[in-house]
2 protein chains.
Amino acid sequence: MSRPNDRPSLSLLAQSVEPPAQCGTCLLHELHDVFLPASDEERQAIAAFRSGTRNVRAGGLIIEERERSSHLYTLYSGWAFRFKTLSDGRRQILHFLLPGDLMGLQDEFAEGRTHGVQAATDVRLCAFPRERLWSFFHTQPKMGYAITWLAAREEKMLDDALVSNGRRAASERVAMLLMHLFRRAEHLGMTEGQRLAFPFNQQHIADALGLSLVHTNKTLRKLSRAGLHRLEGGVLEILDPHALAQLGDYFERPIRPVPVL
Amino acid sequence: MSRPNDRPSLSLLAQSVEPPAQCGTCLLHELHDVFLPASDEERQAIAAFRSGTRNVRAGGLIIEERERSSHLYTLYSGWAFRFKTLSDGRRQILHFLLPGDLMGLQDEFAEGRTHGVQAATDVRLCAFPRERLWSFFHTQPKMGYAITWLAAREEKMLDDALVSNGRRAASERVAMLLMHLFRRAEHLGMTEGQRLAFPFNQQHIADALGLSLVHTNKTLRKLSRAGLHRLEGGVLEILDPHALAQLGDYFERPIRPVPVL
DNA sequence: CGGTGAGTTGAGCAGCCTCAAATATAGTGG
DNA sequence: CCACTATATTTGAGGCTGCTCAACTCACCG
């Protein structure tokens, strides 16, 4: 492990860790470099907001694409992704979700269909009933601020994805995505050295990058033949981070601690 | 005018209307079908949050791409757009801004460079100092909720743009963008019948859609030769809304009133 | 009347797409 | 443990969409 021992091992988060019954013992809050600390009062407010937990198996839908979900969710462990489907079946993956990420907020203010969220691994979720959202904002303005923070952070990632899809060539997009996902997972302690349990197949990558499956495959092969990465057996290994970052125009910026619910 | 007379004429908003000295007489709040009403107390809180107004000429930068802006802004009149530039100069337009839209929120929680915002017409802005944001949330949780609402709404539009850039052909993207901008402007009362003062050139459209300038031109010409629209002299005219909506897979959904600051 | 920016058009190229088929790889039932 | 099936990956071939390069027009302006 590349991580020091003074924090709980979180490779676990990629596996199935049950969220605790009490938010007071929430594992996520123990990751001080990753998530902002929460006071006892805040934890109690979060606990009051939360209605329970939910498990979804790999491949299952957390939020249906057509219906407005009755709950918001915080991803507690595992990987998920947001997506949209066009009427003729073409799919676009909008965003990848890791532990601590909030989902379902966009639905709050929507009329029509929005997006779906699918579990990429087995996933544990904390569920928050939508009808309690406003009172949560009302009684805990700081938590409202936290939610806005998370929304703004996700929007920034969407900005980056839009730049990629709009203005970058295929190999640049692939390099960018691999680095992006690896860095985010690394920050959460889900990596081992340069290796990462990677639950996505080439169709996922293609749908995230706006490429065809075939061309995604050829691009991946080109990069791996050039020794930049290896991706097999569900493990992503970053062999030449510098070259990948360069190619993807991906600047590593310090990731600041963010709030969690 | 296609709008009934029982609301103030807002073609004005596309021109240069000076925001009032007092938020209590803010024109935007008078548009009851468009924006949620605000109580006197809320208007006072907004007025206390606001530090003043700002004018930017067409083409001027409202927010610099490299620096974190010291203020949030509400666009009061005119058009603007958010964009990002790659190190080699390629540009991607992320989002188009109309009156009532909030900008600068993403910067709040960012480290590195984020995005720039440029005025497409002369614009009037209400400025809110960043350092008052938290106390605004704290003392007016309802306004915090409103800000989250606006952020979530913008994120939904980004989702749509991402789907377009990733999974739609050029003519579909163009049709989608024309309908999208026209419908949003129409909702604000900035159109006259099927006509709209359109401040963007083909390079803007290309940069929003992830296309080259030349191909954007050829696609626009194809659609206008087919009688779907006309775009000349800074005026966009929608000639066949049904065909454009069909082509762009653009479903008109009722636009709900949103909060304004 | 030259200069600049925006729009238009043609020619040729290439990046990415679709179609097709050949391997893995994994899971399932006998 | 092996056949059988479904899913994921890989590769080739050929074609179209969208790109780059280049040139010309038009409007506007000093």
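Every chain is numbered from 1, with letters handed out A, B, ... down the list of sequences. Predicted model, so just to flag it, every value in this text is computed and none were measured.
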For [X] and [N], what is the distance between atoms [atom1] and [atom2] respectively, to the nearest whole Å?
X       : N       : atom1 : atom2 : value
L220(A) : dT11(D) : CG    : P     : 12 Å
H204(A) : dA8(D)  : NE2   : P     : 8 Å
L209(A) : dC16(C) : CG    : C1'   : 13 Å

Item to complete: Can you sort out which residues in residues 223-232 of chain B have a heavy atom within less than 4.0 Å of DNA chain D? Ascending by number, please.
Response: none
Fill in: Partner of E65(A) under side-chain contact (heavy atoms from CB on, under 4.5 Å), chosen from Q118(A), H115(A), K84(A)
K84(A)
Discussion item. Once side-chain hydrogen bond (donor to acceptor under 3.5 Å, both in side chains) is applied, do any residues pair with R57(B), and if so which ones, sequence neighbours excluded?
Written reply: D122(B)
Does the side chain of [X] get closer than 4.0 angstrom to OP1 or OP2 of [N] through an N or O atom?
X       : N       : result
Q202(A) : dT10(D) : yes
N217(B) : dT8(C)  : yes
R221(B) : dT9(C)  : yes

Item to complete: Return the orientation label for the F81(A) and F83(A) ring planes: parallel under 30°, perpendicular over 60°, tilted otherwise.
Response: tilted
Worksheet item: Quick one: what's the B/S/- string for nucleotides 13-30 of chain D, heavy-atom cutoff under 4.0 Å, read 5' to 3'?
Response: B----BSBB---------
As an exercise, state the distance from [atom1] of [X] to [atom2] of [Y], rounded to the nearest 0.5 Å.
X       : Y       : atom1 : atom2 : result
I238(B) : L244(B) : CD1   : CG    : 5.5 Å
L162(B) : D159(A) : CG    : CG    : 10.0 Å
L228(A) : K222(A) : CG    : NZ    : 10.0 Å
I63(B)  : D107(B) : CD1   : CG    : 5.5 Å

Practice prompt. Looking only at non-hydrogen atoms, find the nearest pair between H95(A) and E154(A) and report the distance.
Written response: CD2-CD, 3.5 Å
